[in-house]
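A quick write-up on the structure given underneath.
These numbers were taken from a predicted model, which means no experiment stands behind them. Chain A is the first sequence line, chain B the second, and so forth, proteins listed ahead of strands; every chain is numbered from 1.
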Amino acid sequence: MSRSDERYNVRETEAKWQKIWEERKSFLAREDATRPKYYVLEMFPYPSGRIHMGHVRNYTLGDVVARYKRAKGFNVLHPMGWDAFGLPAENAAIQNNVPPAQWTRENIAAMRTQLKSMGLSYDWNREVATCEPDYYRHEQKMFLDFLKAGLVYRKESWVNWDPEEHTVLANEQVIDGRGWRSGALVEKRLLSQWFLKITAYAEDLLQGLKTLDRWPERVLLMQENWIGRSEGLRLVFPLDGQDDSLEIYTTRPDTLHGAAFLAIAANHPLAAKLASDNAELAAFIAECNRMGTSEAALETAEKKGFNTGLYALNPLVDGQKLPVYVANFVLMDYGTGAIFGCPAHDQRDLDFARKYDLPVKVVVAPQGVDPASIVIGTEAYSEDGVLVNSGALNGLGVSEAKARVIAMMEERGIGQRSVNYRLRDWGVSRQRYWGCPIPIIHCDSCGVVPVPEDQLPVTLPEDVSFDKPGNPLDHHPTWKHAACPCCGAPARRETDTFDTFFESSWYFARYAAPQETGRGFTKTAADYWLPVDQYIGGIEHAVLHLLYSRFFTRALKTCGYLDVAEPFAGLLTQGMICHETYKSADGKWLFPSDVEKAADGSLLETGSGKPVTLGRSEKMSKSKKNVVDPAWIIETYGADTARLFMLSDSPPERDLDWTEAGIDGAFRYVNRLWRMVVAPQMPLPPIGSPAPAAFAAAVEKLRRQTHKTIALVGEDLERFHFNKAVARLRELTNGLADLKSDDDGAAWALREGLEALVVLVNPMLPHLAEELWTELGHTELLVNTPWPVADAALLTEDSVTVAVQVNGKLRGTLDLPKDAPQDQAQAAALALPAVASVLNGKPPRKVIVVPNRIVNVVA
RNA sequence: GCCCGCUUGAUGGAAUGGUAGACAUAACGGACUUAAAAUCCGUGCGCUUCGGCGGUGCGAGUUCGAGUCUCGCAGCGGGCACCA
């Protein structure tokens, strides 16, 4: 049997190279001052038990970068670990009666095996699991350090309360105002909770965005909007006939003449005071508190208010009395929890005014428009303009008027310029079991007492029961009871645990020194490896995870842990994996594996043969069953094929459609490449044979293509244009396959081209590339082989094809010497018959010559 | 509701403001084969009087020249602080 009849044995080959890389410790990272470091990190997964296609895409992207940078001579750190705390483990415990710790550890083991089958170049010695005490003990210490640094405080905060299950619900567990399991109407409850002062760094977090020049623009914008810096005025309104007054915050002090009402949040202290002897108001406040805690719920709810009967006096308009409402769209957490409403120039205020029949007075008009002609219907005018109907402010621009009013109020001592942020402090308390215990003890006589550092870690007990509703830590027989570190009297442990964003806010630093026991990491290791040079993950983390990590980095710096300004220097946000959806005749979702194509192209349910309805391609999700199991793909086609498919066609930041045909196409390419090297069309000269003195024209052309591909694929990888890199490699593959002549030069150029192809394809198809590298006669591992350098002499062309247009329309092309003089290009273009016939003997009005690109004749 | 993104052949996509559709996928035709698979070769936006004309979601604008820049509109998708 000739080699061309053999088939590529994917499974054996991939397993072989994975074993060799592991034995030779190819991917271990060590600190090394002699080489530039490169830290590439993919967002670590929640250990759900099986990898999904999103993981495959994420880790393939990271691995291509890691392998490429290694070949470019960088000292690469490429670690992996587990974001192991979280709700699903508790849900599994309740549903399947498995302890969360066991469930999580089994999932980690299963997923680790799956990830290893992908051939990812991780330093597995640095693996971390956040649910293990040797990880979370360090964040307990960080919390205590933050506490000492004044970055932690306790305050009352609202949560979603399920009255039937006696548990706090996550926003995602509240569906249409009801608990997802119990179906009970969710209430808001006040609980005493721990907060981290992220707002202390608000300005720095905002300014820091300017330094992140390798982040996607839209993520920077989302962070900027999240921080939400605004400049405005805090202003005190006296209450008519009361000793009391009300302080409001506004970004539109210029519209004070158009004020129609004041509104306070349902949780405003004044509302609470008034409600104490007003049952109707108390009921209204209770209704507000039944709304979800999410911003979307607040914003989309119908604007409602309760007239308190109080009036406030407009400080700018003598004698004007404004009714004071309690309103459901005013947030206690933002500004002062009180606003003045100017219906003509704010949409929410207008909606409110229309509902309660309040006056709408125009005080800003577009430049040059008669204010009398402006009629406000259902849309407020919030654009820039000139002040009208505003006494002394008339004629001023909006920004001048703002400054004038602020100055006036500051002068009168009833207001002050104020910078406000939408950003709120980070509530880190969670009333859940499967999380890192908050290292605090509550003592009846000493109050809230931090656990002394020498008593860390506070270990999460694993012998817990989910039989009773509520937090298992609360009804654990012994865990809660501890002696007060101050007075020694019997006291209670804090049963809340940390938000799981806590763990993911510093894991990137832990990877720098994962074996360190004294602290989370050593300063030397962190300062060597950080910042992460390239971070890769889903866009869904664009705001919270990234912002919390940026905050942690600052807080850790404040506490002397490290000395970097930002955790992630570069960021790549990948798109989602989508797949067609299928529904059975009775309207149930079907897995793609349960659907087959009939001979006539129609879709049928496997087994029953019933017809299947095809739905649009959507994000892969368990609920719609449009998922494909990566494990099955890797078993059937191999890791290289799965990796190639992830990189082909779609740019990484865009959504990717998973198709059967696409994976087949990738598989065909893997086999084609294998055949080309194993059974080339002509015998290859030995490694290192001297190049012939001259090459035939066709061979010379191929060599140019080879070297151009080397140069361009490098550029593509630097810019993460993986799909373009794949396209170029396919072009080179086609070029090599087309080489027909069989003189010495051709054979030499074929070896040169094949070797280049194998080395260039290595970051994407590492197993196949190693195999083919050996096949080509090399003994050194490809993982240790440097990236090739293109021969500059072969990159320049001596002639170029130039497009010729008349009035912007293509009329022909010209082959011109490279960098030909402009007048030569112009003369050649005008001489073209197609150009001459359009000009019809008349001289052109103008000729634009872009050297080596285009000649445009303006007739 | 607010914020953000996307829209190019049958499909995924390519195109420093300069020849729209590279490279793939599906389809179709051919070669090889007893046959199929695999493989290889070819066709491949629409209209056309074969000279061309029209085409990058829709409508305007800037420019010698617009898929690319500007404004407006539509459709689809994502995020919104206790999912991670």
Side-chain angles (χ1 to χ4, degrees), chain A residues 4 7 43-46 48 83 85-88 159-160 168-174 193 216-219 221-222 224-226 228 293-301 303 329 333 347-348 351 422-432 499-501 504 538-545 547-548 575-576 578 616-619 648-651 653-657 659-666 668-669 671-672 675 721 723-724 726-731 733-734 737 801-813 837 844-848 850 853-859:
Chain A
S4 57
R7 294 202 129 203
M43 291 178 182
F44 65 167
Y46 179 80
S48 57
D83 189 13
F85 277 136
L87 267 183
V159 295
N160 301 310
V168 174
L169 298 178
N171 280 340
E172 72 153 14
Q173 296 172 321
V174 181
Q193 309 202 56
E217 207 53 51
R218 61 171 169 150
V219 175
L221 195 60
M222 282 162 88
E224 189 182 322
N225 289 337
W226 193 259
T293 54
S294 76
E295 187 175 302
L298 293 176
E299 290 276 342
T300 48
K303 309 283 170 286
F329 63 92
D333 291 319
Q347 192 58 47
R348 282 184 306 191
D351 295 345
R422 201 185 75 104
L423 182 68
R424 310 199 296 254
D425 278 333
W426 176 15
V428 294
S429 298
R430 296 290 181 273
Q431 297 68 40
R432 313 205 184 287
D499 178 3
T500 56
F501 275 124
S504 56
I539 185 74
E540 67 272 21
H541 292 294
V543 177
L544 291 184
H545 162 60
L547 194 65
Y548 291 149
M576 299 175 302
C578 302
R616 39 167 299 185
S617 182
E618 290 184 65
K619 175 185 176 176
S648 310
D649 298 345
S650 292
E653 53 285 330
R654 265 215 242 174
D655 288 354
L656 177 121
D657 261 307
T659 61
E660 221 24 62
I663 194 78
D664 284 338
R668 273 203 295 276
Y669 180 75
N671 285 288
R672 182 181 181 208
R675 273 195 313 275
H721 293 174
N723 55 324
K724 286 164 68 182
V726 170
R728 286 190 217 288
L729 290 167
R730 282 184 183 269
E731 278 176 298
T733 309
N734 292 340
T801 306
V802 171
V804 178
Q805 297 180 337
V806 177
N807 295 333
K809 251 178 205 156
L810 186 71
R811 295 293 165 184
T813 58
S837 80
R845 286 202 304 177
K846 196 170 165 190
V847 179
I848 288 134
V850 181
R853 284 208 172 267
I854 204 164
V855 178
N856 190 14
V857 178
V858 185

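Distance from the side chain of A:Val850 is smallest for B:rG18 among the nucleotides B:rG18, B:rA84, B:rU19. Comparing atom distances between the A:Asn734 side chain and each of B:rC6, B:rA20, B:rC23 picks out B:rC23 as nearest. In this structure, of B:rG13, B:rA81, B:rU19, it is B:rG13 that holds the atom nearest to the side chain of A:Pro651. When distances run from any side-chain atom of A:Asn225 to the nucleotides B:rG65, B:rC23, B:rC4, the shortest one goes to B:rC4. Side chain of A:Ile848, nearest nucleotide from B:rC82, B:rG18, B:rG12: B:rG18. Here the nucleotide nearest the side chain of A:Arg218, chosen from B:rG5, B:rA84, B:rC23, is B:rG5.
The base of B:rC82 lies close enough to the side chain of A:Arg432 for a donor and an acceptor atom to sit less than 3.5 Å apart. Between the side chain of A:Gln431 and the base of B:rC82, at least one donor-acceptor pair of N or O atoms lies under 3.5 Å. Contact of A:Gln193 with B:rC82 (side chain to base): a donor-acceptor pair of N or O atoms is detected under 3.5 Å.
Toward the 5′ end of RNA chain B lies the nearest nucleotide of A:Val857, the other residue of the pair A:Ser429 and A:Val857 mapping further downstream.
Anti is the classification of B:rG12, since its glycosidic angle lies more than 90° from 0. In this structure, B:rG59 shows a glycosidic angle more than 90 degrees from zero, which is the anti conformation.
Ring geometry for A:His545 against A:Phe501 counts as parallel: the plane angle stays under 30°, on a 0 to 90° scale with 60° as the upper cut.
With a cut-off of 3.5 Å on both pairing distances, the Watson-Crick and G-U wobble pairs of RNA chain B assemble into stems of 3 or more at B:1-7 with B:74-80, B:10-12 with B:23-25, B:27-31 with B:39-43, B:45-47 with B:52-54, B:57-61 with B:69-73.
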Between protein and nucleotides 46-54 of chain B, map the contacts as a letter string: B base, S sugar-phosphate only, - none, heavy atoms under 4.0 Å, written 5' to 3'.
-> -------SS
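OP1 or OP2 of B:rA84 sits under 4.0 Å from a side-chain N or O of A:Thr500.
As rounded to the nearest Å, B:rA22 and B:rC32 have C1' atoms that lie 30 Å from one another.
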